[in-house]
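The structure under discussion is supplied below as structure tokens; questions concerning it will follow.
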Amino acid sequence: MERSNQQVAGVLAFMGQLLEIKGENVFKIRAFYRASDIVERLARPVAGMDEHELDQIEGIGKNIAKKIIEIVTTGTCAELEELKSEIPTHLIELLKLEGIGPKTVAILWKKLGIQSIDDLEREAKGHRIRAIKGFGEKKEEIFLASIAHLRKEAGRMNRFEAEAVVEKVSPAMTPGTFEVAGSFRRGKSTVGDIDIISTERPSVLNPKIRQIAEAMIDEGDRKTSFRILSRRVDIRFSRPEQFGSMSLYLTGSKPFNIRLRELAITKGYKISEYGIEERDTGKLVEFSTEEDMFAFLGLPYIPPELREDWGEVERARANDLPKLVGQSDIRGDLHVHSDWSDGRTPIGKLAETGALMGYDYIVCTDHAPRTHIMHGLDPDKIKERAHEIEVANRSSRCRVLEGIEVDIMSDGSIGLSDAVLADLDFVIASIHAGFREERDVMTRRILGAMENENVDVIGHPTGRLIGQRTGYEVDLSRVIELAARTKTALELNASPYRLDLDDMYVKQAVDTGVKIAIGTDAHQSGELSEMRYGITTARRGWCRPSDVLNTMSAESLLEWAG
DNA sequence: GCCGTTTTCGGCCCGACTGTTTTCAGTCG
């Protein structure tokens, strides 16, 4: 059986971790991590590509190309097997601990035989760590604190949780003196920690932070780190004249920063968070805005959502960045539930809210029956609902379209007859049950649904719930390929609990010519405002307005849906 | 391990903070 890109990427990253513990050349390690990222987000399956094709991809050379081919066919490769014979593979769990890196893991293993977090806890509590040269009492404390933190940590935050942390920190800071940067600003669907730039004086802000922090991690004049709501917050202090370079640095991503700094080197510059230094003269040029700094480098402004080193720097150099979709391009919401199924808001009120959002239309996609969710609409109810939609449309500026969200059954068939579906304006087909099937079975179910010509959109295509459920196993490469052939759109579910498809797959879909349907999946009128999370994720997936169904007029949408 | 309008060898982003230190390694972002 051939391995998917996700599986190959996983093996490459695993090799990177083992090489780190082994103490290999850091640039070799970086090459493995980079190759892992590249394979994961590649629109084409690596299975079936030959060595030459793989080698053509920037960041993948002859050596890793050979390994990828081995991994595709066998699931492993010779070098990995050799590494596994040298290093206990479960050592990598220790890398998850904050403050513990590969060097420390290797020493703990070689000196004390520590192979797991439980081993480390026992040795630290027994005060046996301090016997190792270069380690002391304080290290034992740090290790135990890291273990405690890891055990209670809930993983990465969803957007709501991240916003809650920002809300909690904000009162300690003077309005207008700070900006949230990092993955929060890049709009990632999950956020690891909160990064903030402050122009206040450290001597003023640090004491206030001590007041609100649950624990201080670092405290300095340039940088302060602490924990609040059990989450890590990093603050970097900056003068307003250097705000642009600090903002660029702290927004990242790390690979983007590296790429930009490499580019600067070729032009004779050195970039840091303080500005751009001319190599020859040593003169530091300061920038109060990011725009000025990009301009100095001869680049157009690269929006934060694109800063992932997914090719945006090269496109910027060629002045060929995509014009990204924005809130003002959105003319409707494609996934809304009313009180006819499991929503709480009547159709009339939804239309009013849609009008307030500035929409031309919303698509009312109540559930069809036969789902475990109550109140599914049978054909009779669909007719009754049609009447209410008609009444609402007489008085509303925002038109309500007649849609349905129908289940994809275990055999890939659809939970309503074709005759009923054909009468509706818009059909979303989603999986709501049978999540545990094997990858191939799940994939065939979705492919089957797409073959039904009445199906316009596949809803929340991976079924993930951020922080709760990883989603079912599905080969998205095959789904995207068939979506392009059958002209089926893929949903970008805008709920911060889903954001499904995620950015990387949105980009793969768009690169393959598949349309994206952004829907809030709102179950009450207030949730229509969650569209903004969907738009941000679409931007992260390089969506132009023309890639997104919601930018169509109601007439064009109806025509597209047939 | 990857890469190349100065290179097929010799580079590979840059800086802050801590602990255990007599000058720095490790980790992190």
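Residue numbers start from 1 in every chain, and the chains themselves are labelled A, B, ... in the order their sequence lines are given, proteins ahead of strands. These values consider heavy atoms only, across backbone and side chains, with no hydrogens, waters or symmetry-generated copies.
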Would you classify A:K254 as touching base, sugar-phosphate or nothing, given that sugar-phosphate means primed atoms plus P, OP1 and OP2, and contacts are heavy atoms under 4.0 Å?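 The answer is base, as A:K254 lies within the cut-off (heavy atoms under 4.0 Å) of a base atom.
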Would you measure the distance from the P atom in B:dG26 across to the matching atom in B:dG10 and give it in whole Å?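 To the nearest whole Å, 26 Å.
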Where each residue is assigned the nucleotide of DNA chain B containing its nearest heavy atom, which of A:D193 and A:D221 is assigned the position nearer the 5′ end?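 Residue closer to the 5' terminus by nearest nucleotide: A:D221.
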salt_bridge(A:D234, A:R232) N-O dist < 4.0 Å: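 Yes.
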Does A:R259 reach a base, just sugar-phosphate, or nothing at all? Heavy atoms under 4.0 Å.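 Nothing, no nucleic acid heavy atom in range.
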Would you mind classifying the nucleic acid contact of A:I29 as base, sugar-phosphate or nothing, using non-hydrogen atoms under 4.0 angstrom?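 Since no nucleic acid heavy atom lies under 4.0 Å of A:I29, the category is nothing.
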Could you please name the partner base of B:dG15, counting Watson-Crick and G-U wobble pairs only when both distances are under 3.5 Å?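 Checking every strand shown, B:dG15 finds its partner in B:dC28, with both distances under 3.5 Å.
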Taking the six-membered ring for Trp and the full ring for Phe, Tyr or His, determine whether the centres of A:Y274 and A:Y249 are under 6.0 Å apart.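 Centroid distance A:Y274-A:Y249: not below 6.0 Å, so no.
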Name the nucleic acid region contacted by A:I258, choosing base, sugar-phosphate or nothing; use a 4.0 angstrom heavy-atom cut-off, strictly under.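 Result for A:I258 = base.
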Can we say A:K28 and A:E79 salt-bridge, meaning some charged N sits less than 4.0 Å from an Asp/Glu carboxylate O?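 Salt bridge between A:K28 and A:E79, a charged N being under 4.0 Å from a carboxylate O: yes.
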Just one of A:E277, A:E262, A:E278 clears the salt bridge (Lys or Arg N to Asp or Glu O under 4.0 Å) bar with A:K270, so which one?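 Among A:E277, A:E262, A:E278, the one that satisfies the salt bridge (Lys or Arg N to Asp or Glu O under 4.0 Å) with A:K270 is A:E277.
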How far, in whole Å, is B:dT20 from B:dA25 if one measures between their C1' atoms?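 Looking at atom C1' only, B:dA25 and B:dT20 are 10 Å apart.
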Whole-Å P distance, B:dC17 and B:dT22: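 Taking atom P in both B:dC17 and B:dT22, they lie 22 Å apart.
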Go through the steps to decide whether A:I194 and A:V166 satisfy the test side chain to side chain contact (heavy atoms under 4.5 Å, CB included), and finish with yes or no. CA-CA 7 Å; A:I194 299 292; A:V166 172; 4.0 Å; yes
What nucleic acid atoms does A:N63 come within less than 4.0 Å of, heavy atoms only: base, sugar-phosphate, or nothing?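 Sugar-phosphate, no base atom in range.
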Who passes side chain to side chain contact (heavy atoms under 4.5 Å, CB included) against A:R439, sequence neighbours left out?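 Once residues adjacent in sequence are excluded, the partners of A:R439 under the side chain to side chain contact (heavy atoms under 4.5 Å, CB included) criterion are A:S4, A:Q6, A:T443, A:E473, A:D475.
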For A:E219, report the nucleic acid contact type (base, sugar-phosphate, nothing); a contact means any heavy atom under 4.0 Å.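 Here A:E219 touches the backbone only, sparing every base.
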If you measure from the C1' atom in B:dG1 to the same atom in B:dT5, how many Å do you get, rounded?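 One C1' to the other, the span is 24 Å.
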At under 4.0 Å between heavy atoms, what does A:K66 touch on the DNA or RNA strands: base, sugar-phosphate, or nothing?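 Nothing: the residue A:K66, judged by heavy atoms under 4.0 Å, touches no strand.
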Quote, to the nearest angstrom, the C1' distance that separates B:dA16 from B:dT7.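 Here B:dA16 and B:dT7 have their C1' atoms 33 Å from each other.
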By the 4.0 Å heavy-atom rule, please label A:I265 as base, sugar-phosphate, or nothing.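 Result for A:I265 = sugar-phosphate.
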Please state the C1' separation for the pair B:dT8 and B:dC2 - nearest whole angstrom.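 It comes out at 12 Å once rounded to the nearest Å.
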Touch class at under 4.0 angstrom, heavy-atom based, for A:E20 against every strand present: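 It contacts nothing in the nucleic acid.
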For B:dT18 versus B:dC3, give the span between their C1' atoms, rounded off to a whole number of Å.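 Between the two C1' atoms, the distance is 35 Å.
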Are any non-hydrogen side-chain atoms of A:L97 and A:I147 less than 4.5 angstrom apart?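 A:L97 reaches A:I147 side chain to side chain.
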Could you list by number each residue of residues 82-121 of chain A showing a heavy-atom separation from DNA chain B of less than 4.0 Å, or answer none if no residue does?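 Under 4.0 Å from DNA chain B: A:L97, A:E98, A:G99, A:I100, A:G101, A:P102, A:K103, A:T104.
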Check every nucleotide of DNA chain B for an atom under 4.0 Å from a heavy-atom of chain A, then give the first and the last such nucleotide from 5' to 3'.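 Counting from the 5' end, contacts occupy B:dG1 to B:dG29.
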Which part of the nucleic acid, if any, lies within reach of A:R130 when heavy atoms closer than 4.0 Å are counted: base, sugar-phosphate only, or nothing?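 Result for A:R130 = nothing.
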Do the non-hydrogen side-chain atoms of A:R464 and A:I466 ever get within less than 4.5 Å of each other?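 Yes. Closest side-chain heavy atoms under 4.5 Å.
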Within the 4.0 Å heavy-atom criterion, would you say A:F32 contacts the bases, only the backbone, or no part of the nucleic acid?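 Sugar-phosphate: the residue A:F32, judged by heavy atoms under 4.0 Å, touches backbone atoms but no base.
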Heavy atoms under 4.0 Å, any strand shown: does A:E140 hit a base, just sugar-phosphate, or nothing?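 The answer is nothing, as A:E140 stays clear of every strand by at least 4.0 Å.
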Would you indicate what A:K270 reaches in the nucleic acid, counting non-hydrogen atoms under 4.0 angstrom: base, sugar-phosphate, or nothing?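 Sugar-phosphate, no base atom in range.
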Residue pair A:Y505 / A:D500, side-chain heavy-atom distance below 4.5 Å: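 The answer is no; the side chains never approach within 4.5 Å.
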If we take the C1' atom in both B:dC9 and B:dC14, what is their distance in whole Å?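 Each nucleotide's C1' atom is 24 Å from the other's.
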With a 4.0 Å cut-off on heavy atoms, is A:N25 in touch with a base, just the backbone sugar-phosphate, or nothing at all?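 Base contact - A:N25 has a heavy atom under 4.0 Å of at least one base atom.
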In terms of side-chain geometry, is the basic nitrogen of A:E98 or A:R227 positioned less than 4.0 Å from the acidic oxygen of its partner?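 A:R227 and A:E98: salt-bridged.
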I want to check something: taking the side chain as every heavy atom from C-beta on, are A:Y497 and A:F160 in contact at a cut-off of under 4.5 Å?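 SC-SC contact between A:Y497 and A:F160 confirmed.
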